[in-house]
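Remarks on the structure that follows.
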Number of protein chains: 2
Amino acid sequence: MKNKYKEEVLVLFGEKLKELRLKRKLSLRALEKECDIDNSYISKIERGKANIGFHTIVELAGAFKVHPKELFNFEHEWKDEAFM
Amino acid sequence: MKNKYKEEVLVLFGEKLKELRLKRKLSLRALEKECDIDNSYISKIERGKANIGFHTIVELAGAFKVHPKELFNFEHEWKDEAFM
DNA sequence: ATTTATGCGGTAAAATATTACCGCATTTTT
DNA sequence: AAAAATGCGGTAATATTTTACCGCATAAAT
């Protein structure tokens, strides 16, 4: 699959993360304290600039006490282009 | 959060991956061809032995043409212990 | 007006994931 | 019985993430 598409999904993931953070009225630095992830790194994740690892995903979900799948709760469909 | 819990989630993820692979009657080597991930690495993922990155998750979902959240479609609840 | 908070860009070092192999024991197919 | 396929363990080299910082421009609060 093309990297372009992976990065699109990363952006959707980041938007969902930001949505959750704002819903709880947390700043990046406030969230940092909840999950021990540097605020500038969280910022990169929210903008889809970091190809984060599984542990990081779980850590973020844990900070919000939600199931990790909640962070993937966005619209997305595979297109043929993704593989060409 | 404790690493132990992240690894538990990793195991659940791996089981779900294996479930999807078997449902489609694919061997590790057959799946390898669909997603360009080495079969022995897939094997580690299925057993929860690899803290995989986001790109890898998306690549695997793409091989099955499912939404990435499908790979997180397992039962899981946060326990207080996870943070102590 | 001053102070404080916020998002974000950059960075060097350390830790870790990923690749691309090999081989082996066991199961499945022919 | 022989051949082929399968799951899996190991490994060295490479690529990448992650950490732990700094500072700055702007926004918000006092």
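Keep in mind that the numbers below use all heavy atoms, side chains included, and drop hydrogens, waters and symmetry copies.
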Quiz item: According to a strict under-4.0 Å criterion, is N51(A) in side-chain N/O contact with OP1 or OP2 of dT16(D)?
Solution: no
Practice problem: With the side chain counted from C-beta on, respond yes when L60(B) and L20(B) share a heavy-atom pair under 4.5 Å apart, and no when they do not. | Solution: no
Quiz item: In whole angstrom, what separates I52(B)'s CD1 from dT17(D)'s P?
Solution: 14 Å
Practice problem: May I have the distance from L28(A) (atom CG) to dC21(D) (atom C1'), rounded to whole angstrom? | Solution: 16 Å
Quiz item: Is there a side-chain contact between L10(A) and H55(B), using heavy atoms and a 4.5 Å cut-off?
Solution: yes
Exercise. Return the value, rounded to whole Å, for the distance between atom NZ of K49(A) and atom P of dT16(D).
Key: 17 Å
Quiz item: Is T56(A) near enough to dT18(D) that one of its side-chain N or O atoms lies under 4.0 angstrom from OP1 or OP2?
Solution: yes
Practice problem: Would you mind reading off the distance between I42(A) atom CD1 and dT17(D) atom C1', rounded to a whole angstrom? | Solution: 15 Å
Exercise. Using only side-chain N and O atoms of S27(B), determine if any of them is under 4.0 Å from OP1 or OP2 of dA5(D).
Key: no
Quiz item: Run the side chain to side chain contact (heavy atoms under 4.5 Å, CB included) check on I57(A) and F54(B) step by step: do they pass?
Solution: CA-CA 9 Å; I57(A) 294 171; F54(B) 198 95; 4.0 Å; yes
Quiz item: How many Å lie between CG on L31(B) and P on dT6(D), as a whole number?
Solution: 12 Å
Quiz item: I37(B) has an atom CD1; how far is it from atom P of dC21(C), in whole Å?
Solution: 16 Å
Quiz item: Within a radius of less than 6.0 Å around NZ of K2(B), do more than 12 heavy atoms belonging to other residues, nucleotides or ligands occur?
Solution: yes
Quiz item: Checking side chain to side chain donor-acceptor pair (under 3.5 Å) against E46(A), which of K18(A), K16(A), R21(A) comes through?
Solution: R21(A)
Exercise. Compare every heavy atom of M1(B) with every heavy atom of V58(A), then report the nearest pair and how far apart it is.
Key: O-CE, 3.4 Å
Quiz item: Is any side-chain heavy atom of F64(A) less than 4.5 Å from a side-chain heavy atom of E70(A)?
Solution: no
Quiz item: Just one of F13(A), F74(A), F72(A) clears the ring-ring contact (aromatic ring centres under 6.0 Å, His included) bar with H67(B), so which one?
Solution: F74(A)
Exercise. Specify the separation, in whole Å, of atom NE2 of H55(B) and atom C1' of dA15(D).
Key: 13 Å
Self-check item: Base-contact (B) and sugar-phosphate-only (S) positions in nucleotides 22-30 of chain C, heavy-atom cut-off under 4.0 Å, - elsewhere
Solution: -B-------
Exercise. Would you check if K4(A) and E7(A) make a side-chain contact, meaning some heavy-atom pair closer than 4.5 Å?
Key: no
Quiz item: Of the nucleotides dC8(C), dC8(D), dT17(D), which one has an atom closest to the side chain of E46(A)?
Solution: dC8(C)
Quiz item: Which residue, L26(B) or Y41(A), contacts DNA chain D at a nucleotide closer to its 5' end, judged by nearest heavy atom?
Solution: L26(B)
Practice problem: Round to the nearest Å and state the distance from K44(A) atom NZ to dG10(C) atom C1'. | Solution: 7 Å
Exercise. Could you identify which residues of residues 1-19 of chain A place a heavy atom less than 4.0 Å from some atom of DNA chain C, listed by residue number, or say none?
Key: none
